[in-house]
There are 2 protein chains.
Amino acid sequence: MASIKDVAASAGVSVATVSRVLNGHPSVSADARERVLAAVAALGYRPNAVARSLRTDQTHTLGLVISDVLNPYFTELARSVEEEARALGYSVIIGNADERPELQDHHVRNLLDRRIDGLLVSPTDGGSPLMLDAARAGTPMVFVDRWIPGVDVPVVRADGRAAVRDLVAHLYRLGHRRLAIIAGPAATTTGSERVEAFRAALAEYGLPLPDARIGQGDFQAESGRRVTEGFLDLPQPPDVVFAADNLMALGALDAVRARGLRVPDDIALAAFDDIPWFVHTDPPVTAIAQPTGELGRAAVRALVDRIEGRTPRSVTLPARLVVRRSCGEPPTPSPVQRSTT
Amino acid sequence: MASIKDVAASAGVSVATVSRVLNGHPSVSADARERVLAAVAALGYRPNAVARSLRTDQTHTLGLVISDVLNPYFTELARSVEEEARALGYSVIIGNADERPELQDHHVRNLLDRRIDGLLVSPTDGGSPLMLDAARAGTPMVFVDRWIPGVDVPVVRADGRAAVRDLVAHLYRLGHRRLAIIAGPAATTTGSERVEAFRAALAEYGLPLPDARIGQGDFQAESGRRVTEGFLDLPQPPDVVFAADNLMALGALDAVRARGLRVPDDIALAAFDDIPWFVHTDPPVTAIAQPTGELGRAAVRALVDRIEGRTPRSVTLPARLVVRRSCGEPPTPSPVQRSTT
DNA sequence: CGCAGCGATGTAATCGATTCCACGAGGAGG
DNA sequence: CCTCCTCGTGGAATCGATTACATCGCTGCG
């Protein structure tokens with residue numbers, strides 16, 4: 001592969017001049033510029049990004065560590081992150097932690113070794129020493145979706161409290177009183193926050209949330225199935241199951257179906273995170289939709305601000321309830337709550 | 001960030017010795033090794049992968065260019081690729097082409113500039129000059145899922161012909177005679193092959209496939225919707241719509257539902273590519289399942305073989321039909337065709 | 001006792017870029 | 001006509017690693 005030296009030789013100038021032409025430095029004669037450009041074209045020369053990064057100490061690359069690529073929510077997040085990053089002149093390297101802290105560390109370490117300019121993380125756990133060290137050491141970093149309390153890193157996320165309250169109001173109106181939740185890991189902020197928001201909303205209606213109706217999941221479909229089976233085995237099964245993410249809702253659907261029960265007649269279902277497939281499930285699933293694309297874009301902007309010396313800001317955007325049929329009664333379209341069915 | 005020089009100084013040895021310790025070179029005294037390791041730990045030193053890559057001309061990184069991350073099929077493929085690559089000591093950088101040739105070129109160029117060791121591609125089109133040049137120039141490369149004819153690059157893919165034949169047999173048995181297909185872009189191999197397989201299978205049953213029942217899609221949900229609407233507007237709408245990928249099937253489902261029609265009573269539906277959600281759609285969708293994970297792993301193995309000087313082999317694995325309810329008649333479980341519902 | 005050979009180590013070249021500095025030519029101003 | 005600046009250019013240092021080669025001290029064998 002041709003290097004800058006080959007170009008210089010072929011154009012009859014020094015490597016310094018070639019570099020200047022390539023970087024748009026003003027003080028190059030029109031004649032030299034032309035010869036360099038011709039040589040570049042003739043040789044099909046492309047600058048070696050590795051060498052350039054070594055010299056400039058910049059990779060123009062962001063690392064994105066997410067908890068689970070197979071979760072459509074994170075897939076969409078990753079996509080919007082890449083899009084915005086590209087618009088700002090950065091590339092993105094994705095690390096998929098698969099909800100496993102040690103895999104998350106593997107990726108963080110790998111990205112750091114590659115000297116990425118900044119790190120976008122949706123932590124799988126409460127924060128490994130590695131991640132805390134990186135943050136402390138001044139690695140430009142932004143948390144997205146989930147975050148680690150007590151670390152001085154901007155957070156870009158959705159606030160689902162209002163939407164959860166709307167959901168509980170919706171459920172109450174439909175006559176449901178025994179509500180249950182499949183929670184995410186307590187070590188994640190989204191895992192604990194969603195339970196808290198749910199509990200608070202229930203309290204407003206004077207409804208209890210006994211421990212038996214709080215199932216411990218791990219954001220994966222299988223745990224949703226397992227927890228739901230537990231709920232169905234209770235002496236008094238719940239009227240509604242609220243899954244803290246879309247994969248656990250899928251598992252719940254599996255479990256309900258396996259018993260030969262029907263949603264919403266026998267048991268209602270709602271989920272956090274809306275995805276295109278929820279429109280076509282049987283029945284369409286009522287869900288809380290995050291502004292995923294906007295979150296990804298805002299996170300990139302914050303991180304790039306930090307990298308380029310500006311002051312990044314935390315961002316919180318509202319989530320909203322999307323009513324479908326999985327909790328009963330076909331939705332009556334209204335300006336506020338409209339299903340996209 | 002500490003460099004190898006700092007470690008050398010702190011351990012009281014030369015950088016060469018540090019490098020030797022780090023790379024497991026045998027001729028280092030136990031004493032020196034110990035002091036180096038201590039210094040590494042004390043400084044929290046991590047080798048700079050950029051510098052190392054420049055010197056060794058290896059990045060231990062594979063590029064993966066796929067057509068659409070939002071498509072669950074490709075998401076799963078990407079995941080299995082990363083997994084196998086990690087097991088073999090490589091990292092993966094994903095480029096999402098979004099079914100846009102110019103975006104695909106952007107990513108190929110970006111990956112090449114980063115001097116990745118090899119490229120895994122599922123081409124969005126018939127092959128841009130950039131990609132053809134890269135292949136000709138000897139960049140280690142492997143095609144996965146889709147490929148470009150006439151280029152000497154190993155291909156790892158699924159053969160869906162037998163499964164398509166099974167599907168047509170299934171449809172015929174259910175009494176369907178007017179079959180239609182939503183095809184992918186003709187410039188992609190999967191786009192044209194699936195139509196051909198379908199046409200060949202229909203021929204075996206003496207069924208025609210008039211042009212009016214071949215809709216041109218682009219593997220995105222919106223095109224599935226549009227094409228399906230066209231089918232429904234025909235004087236004689238088809239009995240069955242077969243979508244060449246899962247997103248177009250989603251669009252088709254949208255279109256059918258928007259007309260107030262029912263699957264499979266009014267029109268049946270089948271799709272290429274099986275995904276977990278198809279179990280829970282209304283109705284569950286009959287699909288052709290590819291061995292996605294195995295494809296990803298085989299592709300990585302082939303590419304790494306090529307990179308490490310062994311001779312890579314093309315691989316073709318069979319796809320299989322998964323019968324569910326979207327074409328009519330609940331499936332009767334049999335040893336050969338079993339739904340995972 | 002002398003020298004070959006080996007093990008441990010350091011010096012320095014190298015990868016491909018960027019960039020500081022020096023230098024020469026040419027124009028402007030005194 | 002001389003000096004000073006500016007512009008265009010090239011030489012060389014530099015980034016952080018790897019590695020060929022040189023060196024030095026020992027050991028072992030003849």
Side-chain angles (χ1 to χ4, degrees), chain A residues 1-40 43-61 89 91 109-117, chain B residues 1-40 43-61 89 91 109-117:
Chain A
M1 189 147 256
S3 83
I4 196 171
K5 270 188 208 159
D6 304 314
V7 175
S10 154
V13 297
S14 72
V15 295
T17 299
V18 175
S19 176
R20 279 189 274 257
V21 170
L22 263 28
N23 293 289
H25 193 286
S27 121
V28 180
S29 67
D31 174 58
R33 179 184 320 277
E34 210 169 288
R35 293 212 314 280
V36 167
L37 260 19
V40 165
L43 296 172
Y45 168 76
R46 293 249 83 210
N48 183 325
V50 175
R52 191 198 294 254
S53 291
L54 176 61
R55 182 57 233 247
T56 62
D57 204 31
Q58 290 184 26
T59 50
H60 275 278
T61 303
S91 304
R109 196 168 356 247
N110 180 32
L111 291 166
L112 256 22
D113 286 355
R114 288 168 182 270
R115 301 301 194 264
I116 44 130
D117 293 344
Chain B
M1 188 146 257
S3 84
I4 195 171
K5 270 188 208 160
D6 304 315
V7 175
S10 154
V13 297
S14 72
V15 295
T17 299
V18 176
S19 176
R20 278 188 274 255
V21 170
L22 263 28
N23 292 289
H25 192 287
S27 117
V28 181
S29 68
D31 172 59
R33 164 171 291 112
E34 209 168 290
R35 293 213 315 279
V36 167
L37 260 18
V40 164
L43 296 172
Y45 168 76
R46 294 249 81 211
N48 183 326
V50 174
R52 189 198 296 252
S53 291
L54 175 61
R55 182 57 233 249
T56 61
D57 204 31
Q58 292 184 27
T59 50
H60 275 277
T61 303
S91 304
R109 196 169 353 248
N110 178 34
L111 292 166
L112 256 23
D113 285 356
R114 288 169 183 271
R115 302 302 193 265
I116 44 127
D117 292 343

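So that the names make sense, note that chain A is the first sequence line, chain B the second, and so on, each numbered from 1. All figures in this text were calculated on a predicted structure; none of them were measured in a lab.
Here the nucleotide nearest the side chain of A:Arg20, chosen from C:dG10, D:dT9, D:dG16, is D:dT9. Nearest nucleotide to the B:Lys5 side chain, out of C:dT18, C:dG10, D:dC15: D:dC15. Here the side chain of B:Ser27 is nearest to one of C:dT19, D:dA17, C:dT9, namely C:dT9.
The residue A:Ala49 sits apart from the nucleic acid: no heavy atom pair falls under 4.0 Å. Across all strands, A:Arg52 comes closer than 4.0 Å only to sugar-phosphate atoms, never to a base (heavy-atom distances). Looking at heavy-atom distances under 4.0 Å, B:Ser19 makes contact with a base. Looking at heavy-atom distances under 4.0 Å, A:Val13 makes contact with sugar-phosphate atoms alone, never a base.
When each of A:Arg33, A:Glu34, A:Arg35 is paired with A:Asp31, the side-chain contact (heavy atoms from CB on, under 4.5 Å) condition holds for A:Arg35 and for no other.
With no hydrogens or angles considered, no side-chain donor-acceptor pair links B:Ser10 and B:Asp6 at under 3.5 Å.
Here the P atom of nucleotide C:dA13 and the CG atom of B:Asp57 are 21 Å apart, to the nearest Å. Atom pair B:Tyr45:OH and D:dG16:C1' shows a separation of 7 Å (rounding to whole Å applied). When rounded to the nearest whole Å, the span between NE2 of B:His25 and P of C:dG7 equals 11 Å. The distance between atom CD of A:Glu34 and atom P of D:dG8, rounded to the nearest whole Å, is 15 Å. Here D:dG16 presents its P atom at 18 Å from CZ of A:Arg114, a figure rounded to the nearest Å. D:dG16 atom P lies 16 Å from atom CZ of B:Arg46, rounded to whole Å. D:dG16 atom C1' lies 6 Å from atom CG of B:Asn48, rounded to whole Å. The nearest whole Å value for the distance from the CZ atom in B:Arg35 to the C1' atom in C:dG10 is 13 Å.
Under 4.0 angstrom from either OP1 or OP2 of D:dT9 there lies at least one side-chain N or O belonging to A:Ser29. The phosphate of D:dT18 has OP1 or OP2 within less than 4.0 Å of a side-chain N or O from B:Asn23. Between D:dT9 and A:Thr17, no contact under 4.0 Å exists linking OP1 or OP2 to a side-chain N or O.
The 12-atom threshold is not exceeded at CG of A:Asp57, counting heavy atoms of other residues, nucleotides or ligands nearer than 6.0 Å.
Contact annotation: side chain of A:Arg33 to base of D:dG8, donor-acceptor pair absent below 3.5 Å. Within 3.5 Å, no donor on the side chain of B:Arg55 pairs with an acceptor on the base of C:dG16, nor the reverse.
The distance from atom CG of B:Asn23 to atom CZ of B:Arg52, rounded to the nearest 0.5 Å, is 5.5 Å.
You'll find the side chain of A:Arg114 reaches within 4.5 Å of the side chain of B:Thr61, heavy atoms only.
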